[in-house]
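Written below as structure tokens is the structure these notes are about.
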There are 2 protein chains.
Amino acid sequence: MEKWYEKKTSDSGVIISTRIRLARNIKNRPFPGRLNEKGALSILNQLKDAIAPEEALIFEEMTDKSKDYLHEMVERHLISPEFALKTGMRGIAALEDESVCIMLNEEDHVRIQAVCSGDDIEQAYVAASQADDLIENSVDYAFDAKFGYLTSCPTNAGTGMRASFMLHLPALAQTGGIAQIIQAAGKFGMALRGMHGEGSDPLGCIFQLSNQATLGKSENVIIAATKSLAHEITEQEMNLKEKIMRDASIVITDKVYRSYGILANCRTIKLNEAMALLSNVRMGYIWNILDLPHPKANLYFIMMEIQHGSIIKRAGRHVEEKEEDCLRADFVREMFNV
Amino acid sequence: MEKWYEKKTSDSGVIISTRIRLARNIKNRPFPGRLNEKGALSILNQLKDAIAPEEALIFEEMTDKSKDYLHEMVERHLISPEFALKTGMRGIAALEDESVCIMLNEEDHVRIQAVCSGDDIEQAYVAASQADDLIENSVDYAFDAKFGYLTSCPTNAGTGMRASFMLHLPALAQTGGIAQIIQAAGKFGMALRGMHGEGSDPLGCIFQLSNQATLGKSENVIIAATKSLAHEITEQEMNLKEKIMRDASIVITDKVYRSYGILANCRTIKLNEAMALLSNVRMGYIWNILDLPHPKANLYFIMMEIQHGSIIKRAGRHVEEKEEDCLRADFVREMFNV
């Protein structure tokens, strides 16, 4: 089955995808950080039962998975880095296309994530709410009339919701305009971060915009505000694009075509360079300056498939850095030889 | 008619081409540096008449040619940089394929050049001698029993001959081995210089090896010694190639393929970068690591056609540097899109 991010349409604009995350806990039970093994197992089983009626959600035990395996799931944004590092009884339940994934016994008992390509965050919210309702059919959530959904970390209380937009911002990134956007986002109670969230490098000019405050506002208000800022940033990106193309159209065109030429021919490539070149090529399509066949998959998909964990997963064994760089080049070349 | 350097065979090895140059002067006439306009014209006419019986040698007046025009001829090694900078009555007589070119009133009255692709310097010497004999049929050369052919600059006296080899030495150039070769060549009375002779940069890892001493040895001895050193350098280059391919085959393979990818896709490119990339691609064919279609012309030809003067010649007008870089990219791309 095609994963949500394999659809070619997601190379069409600045907004790659949107994501809704809901944090929930079961009433009168300790938060996961306070659970012993027996308690964690009982929560896991209770949630498995709650999810069972929806057959499309496939449960997968995470407790005994290897580091490499978990790392690869993090790179695909299927699970959080914290969930990968945790020990103890835990699992996920996900749709086959990975557009919905529920983490069980992460920082909270329940973390529902729903993703949509493009800017249709309302659709992501609908999908997350369906999973939310499914669980609530058989589980009582910890909910307070004043504080809303109670969460392990108070910063998630209230709606327990994080709405985020994955943005591709090559113009802002190459002109240093990102710093200003980050500052402005902060004023609106939002955060702009690198591709892999907090503290990560802005690899491939990919940024995540998300709300910080979860309390005191309704879900709809948070969604509308985040979307509005995402569109505002998109507009700034496109305005900057116009300026760059006016001032240095040959330089940019050259950069885009060379990036394509290198990706289609390289024999070894490091992650950082590959991400930068893929970003240039994606920019080339969005800015309508690249008149070459589209790679076999969309560029965001390729970006994810060349991460460390994905390469190891395909190799089916541990590989050293030198070999990893060659396998990355082989994969990219294969994608670009169309 | 195909020029000598357009033949594809010249991408097959380290030795790109060989060249014989003979310096001659007419007996009892002042050297060109001492000629007034009338004297220079009379020499020019006398030599034109001497060359006339060989219809394949086409005479061209150089006196009134533009700087750009002369510059482009220098880049093609048809005339010397000094000849381009000179003023006064002067001309050339050349075969249409440019394998033989006689400069009239350069530093000496007669400078015969003959070029052959590959390492067949004996063939170049035969061609130069034919032109030499043709002129001597009707002109008395200044010749001394002790000093041989007399020349404007004493360093050219004796045989008046310079034998040179154009070498492509990417392995020696990238490992810094060139300095040693230059030193060793000096001990044998030879010089190793950049593509455009004395003082020029070693663009594209192309070097010229030539004898320095013209006096006290016969033509055959000079030719044999120069050829022997050219083959010795070739062997060192190939030994170094083996070592590089053993130690870093992926790095080199990657470099070669990326160079190809950039040349086939760039929209603007400076001369130095283009020369370095073309050198990498030529290396890729010679070292049997590049499995992609050969460009539309041989790489040495492309190297010459992307020089400043050649670009201006094709444009038919003066172009600024930025446009020149774009025209260079257009030309290279066209050559590589096979």
Side-chain angles (χ1 to χ4, degrees), chain A residues 244-274 276-278 280-281 283-285 287-295 306 311 319-338, chain B residues 244-274 276-278 280-281 283-285 287-295 306 311 319-338:
Chain A
I244 291 173
M245 287 304 285
R246 258 195 322 272
D247 297 351
S249 107
I250 266 293
V251 176
I252 292 294
T253 305
D254 183 58
K255 190 168 160 176
V256 166
Y257 273 96
R258 281 174 181 239
S259 299
Y260 194 103
I262 293 171
L263 290 166
N265 285 286
C266 63
R267 258 55 184 175
T268 173
I269 194 161
K270 300 227 166 281
L271 179 62
N272 277 16
E273 188 194 1
L277 297 179
L278 288 166
N280 290 342
V281 170
M283 174 177 80
Y285 288 118
W287 296 15
N288 283 320
I289 51 183
L290 186 58
D291 185 24
L292 287 175
H294 199 286
I306 60 164
I311 288 173
V319 292
E320 296 296 329
E321 195 185 338
K322 268 194 187 174
E323 190 184 354
E324 183 185 325
D325 294 344
C326 292
L327 292 173
R328 179 176 295 114
D330 293 346
F331 180 81
V332 167
R333 226 167 53 241
E334 163 63 21
M335 288 287 127
F336 273 77
N337 280 305
V338 281
Chain B
I244 292 173
M245 287 305 285
R246 258 195 323 272
D247 297 351
S249 109
I250 266 293
V251 176
I252 292 293
T253 305
D254 182 58
K255 189 168 161 176
V256 166
Y257 274 95
R258 282 175 181 237
S259 299
Y260 194 104
I262 294 171
L263 290 165
N265 285 286
C266 63
R267 260 51 185 177
T268 173
I269 193 161
K270 300 230 166 277
L271 178 61
N272 278 15
E273 189 194 2
L277 298 179
L278 288 166
N280 290 343
V281 170
M283 174 177 79
Y285 288 119
W287 295 15
N288 283 319
I289 51 183
L290 186 58
D291 186 25
L292 286 174
H294 199 284
I306 61 166
I311 289 173
V319 292
E320 296 296 329
E321 194 184 337
K322 267 193 189 176
E323 191 184 353
E324 183 185 324
D325 294 344
C326 292
L327 291 173
R328 179 175 297 114
D330 292 346
F331 180 80
V332 167
R333 225 168 52 243
E334 163 63 21
M335 287 287 128
F336 272 77
N337 280 305
V338 280

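Keep in mind that what you see is a predicted model, and the values were worked out from it rather than measured. Letters A, B, ... mirror the listed sequences (proteins, then strands); counts begin at 1.
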**OP:** Count the heavy atoms belonging to other residues, nucleotides or ligands that lie under 6.0 Å from CG of A/D247, then report whether that count exceeds 12.
**Re:**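 Count over threshold, so yes.
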Original post:
Which one, B/T268, B/I262, B/V251, leads in non-hydrogen pairs under 4.5 Å with chain A?
Top reply: B/T268
Original post:
By a 4.5 Å heavy-atom criterion (distance strictly below it), what part of B/C326 contacts chain A: side chain, backbone, both, or neither?
Top reply: side chain
Original post:
Quick one: are B/N265 and A/L292 in side-chain contact, heavy atoms under 4.5 Å?
Top reply: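 A side-chain contact under 4.5 Å exists here.
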Original post:
Is a side-chain N or O of B/D254 found less than 3.5 angstrom from the main chain of A/R267, in a donor-acceptor match?
Top reply: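 Yes.
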